[in-house]
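Report on the following structure.
We count ligands from 1, going down the list as the structure has it; atoms in each ligand are counted the same way. In this text the structure is predicted, and so the values were computed from the model without any measurement.
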Amino acid sequence: MAKPLAVVTRRWPASVEARLADAFDVRLNADDHPFSADELRAALTDADALCATVTDDLSAEVLSVSGRTRIIANFGVGVNHIALGAARAQGIAVTNTPDVLTECTADLAMALLLMSARRAGEGERELRAGKWSGWRPTHLTGTRVWGKTLGVVGMGRIGIATARRAHQGFGMRILCFNRSRVSGTVLGDLAAEQLDSLDALLPQVDFLSLHCPANPESHHLIDAARLARMRPSAHLINTARGSVVDEAALAEALRQGVIAGAGLDVYEAEPEVHPALAGLRNAVLLPHMGSGTDATREAMGMRVLDNLKAFFAGQKPPDLCD
Ligand code: DGY
């Protein structure tokens, strides 16, 4: 019997591509170029399964082709690049890869928090430029992290894992904002307090870390008005999605000292970064690498494989997005 055809839109870890090729007829992307809308439409026309990533803009318009694809198996937890309603209307199942990237993404949120607080990006740039003149008491002094207050927006898996690191590792007090009630056990373990309003949380925190999904409700959740509610000494950390922050407003707030610093891993129009951010000394800018460890990327791929195998065996995929 012919195997289902799976089109893979980016290079995946070699071990996962090999496993995928055992189970399916695969079309890989040898040069790892991002797929254009036409390539996505062609894939949706030919393939039984489209193995997508965050760089594939699967808009309602792209998904309007009546093709052969029955499942979009996303390599990643966020599915904001897929028009879920349009996929549903076409009878296409969508799956993602939760859990396996939680700890590594939380690690990167803490890395950004520490880099921003301790001016690590500035220090590295200075040293590499040959401008370091040696140790001195007033050189590149930053902000102490120990004992400070962290505000977590979105207490899902990654938000909780970040709060755990901050509280247990860095003695931080945790305040959080979440749409639904966070369990008393989770709050108790972190000695955390849930606030009913984001506006009430902002003036109380030294660091704000974003972990909410991207959707119309969270679009520009952090805008100029919300930045103005933060302390001038505060730092904003974003490992969620670029659209949650108004990047132009953030750049202006950093330039004017409305807040002290920002650590960003995600951007509104990736891979473009707002030009004003790149010139700011108090912005730490990483290229969307939250889940980027070998083990995690392999685990994400294996999770895609599990979803595909279940789907083509006629079972409900474990990570079906409703
Ligand atoms: C995720 O898993 O959502 C990462 O940001 C890559 O898409």
Next on the checklist: Tell me whether the rings of Phe75 and Trp12 are parallel (<30°), tilted (30 to 60°) or perpendicular (>60°).
Outcome noted: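 Plane angle between 30° and 60°, so tilted.
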[X] and [Y] ion-paired at < 4.0 Å:
| X | Y | answer |
| --- | --- | --- |
| Arg241 | Glu268 | no |
| Glu122 | Arg125 | no |
| Asp46 | Arg68 | no |

Next on the checklist: Test of understanding: given a 4.0 Å heavy-atom threshold, classify the contact between Asn96 and ligand 1 as side chain, backbone, both, or neither.
Outcome noted: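 Answer for Asn96: neither.
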Checklist entry - What protein heavy atom is closest to atom 4 (C) of ligand 1, reported as residue, atom name and distance in Å? => result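 In this structure, atom 4 (C) of ligand 1 has His288 NE2, 3.7 Å as its nearest protein heavy atom.
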Checklist entry - Nearest to atom 2 (O) of ligand 1, what protein heavy atom do you find, and at what distance? => result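 Result: Val77 N, 2.7 Å.
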Checklist entry - Would Ser209 and His211 satisfy side-chain hydrogen bond (donor to acceptor under 3.5 Å, both in side chains), going step by step from the backbone distance to the final call? => result CA-CA 7 Å; Ser209 192; His211 300 284; 2.7 Å; yes
Checklist entry - Polar-atom distance check: Met300 versus ligand 1, any N or O pair below 3.5 Å? => result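 No - when backbone and side-chain N and O of Met300 are compared with those of ligand 1, no distance drops under 3.5 Å.
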Checklist entry - Counting both backbone and side chain atoms, is some N or O of Arg241 under 3.5 Å from an N or O of ligand 1? => result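 Right, the criterion is met.
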Item to check | For Gly76, the ligand 1 atoms whose distance to one of its heavy atoms is below 4.0 Å | outcome: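 What qualifies from ligand 1 is 1 (C), 2 (O).
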Checklist entry - Which atoms of ligand 1 are found less than 4.0 Å from any heavy atom of Leu101? => result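 Heavy-atom distances to Leu101 below 4.0 Å select 2 (O).
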Checklist entry - Contact between His81 and ligand 1, counting heavy atoms under 4.0 Å? => result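 The answer is no, since His81 has no heavy atom less than 4.0 Å from ligand 1.
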Checklist entry - Side chains of His288 and Glu270: donor-acceptor distance under 3.5 Å anywhere? => result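 Short answer, yes.
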